[in-house]
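Quick notes on the structure that follows.
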Amino acid sequence: MLKIAVLVSGGGTNLQALINAQENGILKSGRIVEVISSRSGVYALDRAENSGIPSAVCPNEASILDELRKCGAELVVLAGFMKILSPDFLEAVSVPVVNIHPSLIPSFCGKGYYGLKVHEEVIKSGVKITGATVHMVNESVDGGKILSQKAVEVRPHDTPETLQRRVMERAEWVILPRTVEKLCQELSPKIFPKPMHYPGRGIITGMTPSGRIMFAYFIMGRSASSRARVFERSGDDLLIRLTGSDKTLDSSLILYAPVRVMKDCAIVTNGDQTDTVYDALTAGRTFEEALMTREYEPDAPHYTPRISAILTPSGHTQSILKRDGKYFYSYAYTPGQGRLIHTYNHDVMSSEILPSFSGEPRRVIIPDEIDEFAPALWEEFDKDNKVSLYVRYYGAGLTSYEDKLYNKEEN
Ligand code: GAR
């Protein structure tokens with residue numbers, strides 16, 4: 001979840017709109033971690049306090065920068081912030097800054113146009129339509145990229161105050177939360193930094209920032225038979241069930257237990273090597289010894305790699321068995337970090353041979369909440385190719401857990 005700092009100078013009704021959006025779920029990909037005011041004694045600070053959000057009064061840019069760094073802000077929202085930020089500040093801040101302005105930019109904006117002044121000028125000019133704009137902040141005042149706008153009518157007997165109220169209610173409080181949510185979604189770190197339509201099958205193992213061990217397993221498919229599958233829980237294990245009618249396929253490649261659990265360890269793989277590892281461990285042999293007896297899948301011409309992982313309380317190991325060799329990668333847990341391995345390396349046309357995953361399992365960010373991680377990952381997958389996703393977050397050690405299961409056929 002993205003960390004948002006909101007900069008204010010006055011009443012804070014736009015701040016309140018963001019707080020409300022956070023409470024009612026419109027703003028779900030980011031959370032306000034701090035409210036920073038350019039002035040003391042303003043009502044926006046009371047609003048922050050009433051909602052339990054930390055706040056600070058920062059009269060100059062140096063202290064704002066300092067506060068932003070301390071709270072780890074990843075997005076800055078100017079909500080009724082009445083100071084013009086200098087180019088030096090904007091360069092130093094290094095995270096995106098957005099502003100809400102109470103007119104339809106490029107009208108009634110720039111130096112001198114702020115707060116009620118904007119509405120006075122709108123009325124004086126005789127225009128019949130005004131509105132609000134959310135835009136990126138750059139070194140030209142109110143001149144950054146426009147993200148959203150909403151129009152509002154100017155009525156014959158409007159005073160600056162009645163017009164301001166209408167613009168706020170009908171435009172500002174509506175577009176600001178929605179635009180901030182959209183930006184948070186765009187800025188949130190992705191599991192796949194470049195769009196990847198077909199990573200194949202994949203395993204993520206790692207630890208949340210608060211020290212909970214976790215793993216995820218997903219399957220994606222391109223053929224009808226590969227797509228006609230669902231995950232099913234079986235006690236603490238995970239199984240795959242065919243939903244299509246084609247039972248003539250090499251079922252060992254598509255029907256297997258992706259997850260099997262033993263005392264103090266969990267095994268996750270993309271094939272029946274889960275059983276090979278399970279049996280070997282039961283007989284006192286190791287994960288590595290078990291997998292050295294296996295090789296890549298016999299699905300010529302792709303020769304899909306077998307990917308596997310084992311999680312124990314002290315660390316996690318991932319493995320890939322490819323045509324060019326058998327590889328093992330062992331890690332101690334790092335809070336907030338996971339490793340991702342998947343079967344294919346990059347997208348190719350359906351007619352081409354799928355290149356195997358190469359290199360070390362990729363580092364990925366693991367958030368604290370399964371409710372944040374699992375839906376975001378499911379959303380990230382190509383909508384045609386995704387088949388199923390299973391995510392498990394353990395409590396202490398490797399005993400109790402919470403999990404999330406997605407099957408395309410059931411969603
Ligand atoms: C709002 O109308 C906002 O758009 C405007 O000041 C008002 C603050 O209200 N901002 C600017 O004019 C910035 N150039 P609030 O403190 O109740 O959100």
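Order of listing sets the numbers, starting from 1, for every ligand and every atom in it.
In this structure, Arg323 is positioned above the aromatic face of Tyr303, its NZ or CZ under 6.0 Å from the six-membered ring centre and within 45° of the axis. Under a cutoff of 6.0 Å and an axis angle of 45°, Arg212 and Tyr394 do not form a cation-pi pair. Judged by the 6.0 Å and 45° rule, Arg306 forms no cation-pi pair with Tyr296.
Of the candidates Thr243, Asp384, Asn385, Arg227 forms a side-chain hydrogen bond (donor to acceptor under 3.5 Å, both in side chains) with just one, namely Asn385. Looking at Tyr390, Phe218, Trp378, Phe381 one by one, the single match for ring pair (Phe, Tyr, Trp, His ring centres under 6.0 Å) with Tyr406 turns out to be Trp378.
In terms of protein heavy-atom proximity, atom 14 (N) of ligand 1 is closest to His101 ND1, 3.4 Å. Protein heavy atom at the shortest distance from atom 6 (O) of ligand 1 is Met82 CE, 3.1 Å. Given atom 8 (C) of ligand 1, the protein heavy atom at minimum distance is Gly80 CA, 3.5 Å. Scanning the protein heavy atoms around atom 9 (O) of ligand 1, the nearest turns out to be Met168 CE, 3.3 Å.
Looking at Ser9, Pro102, Ala17 and measuring to atom 5 (C) of ligand 1, the nearest heavy atom belongs to Pro102. Taking each of Val8, Val6, Thr13, Ile100 in turn, the one with a heavy atom nearest to atom 17 (O) of ligand 1 proves to be Thr13.
For ligand 1, one of its N or O atoms has an N or O atom of Asn14 under 3.5 Å away. Every N/O-N/O distance between Gln164 and ligand 1 stays at or above 3.5 Å. Residue contacts with ligand 1: Glu172 is placed with a nitrogen or oxygen under 3.5 Å of a nitrogen or oxygen of the ligand (distance criterion only). For ligand 1, the polar-atom distance check against Gly12 finds a nitrogen or oxygen pair separated by under 3.5 Å. Taking only nitrogen or oxygen atoms, main chain and side chain alike, Gly115 reaches within less than 3.5 Å of ligand 1.
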Task: Test log, rule side-chain hydrogen bond (donor to acceptor under 3.5 Å, both in side chains), inputs Arg229 and Asn407 - done: CA-CA 8 Å; Arg229 293 185 286 173; Asn407 288 314; over 6 Å; no

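Contact check on Lys150 versus Glu172 returns no salt bridge, with no Lys/Arg side-chain nitrogen under 4.0 Å from an Asp/Glu carboxylate oxygen.
A distance of 6.0 Å or more separates the ring centres of His197 and Tyr344.
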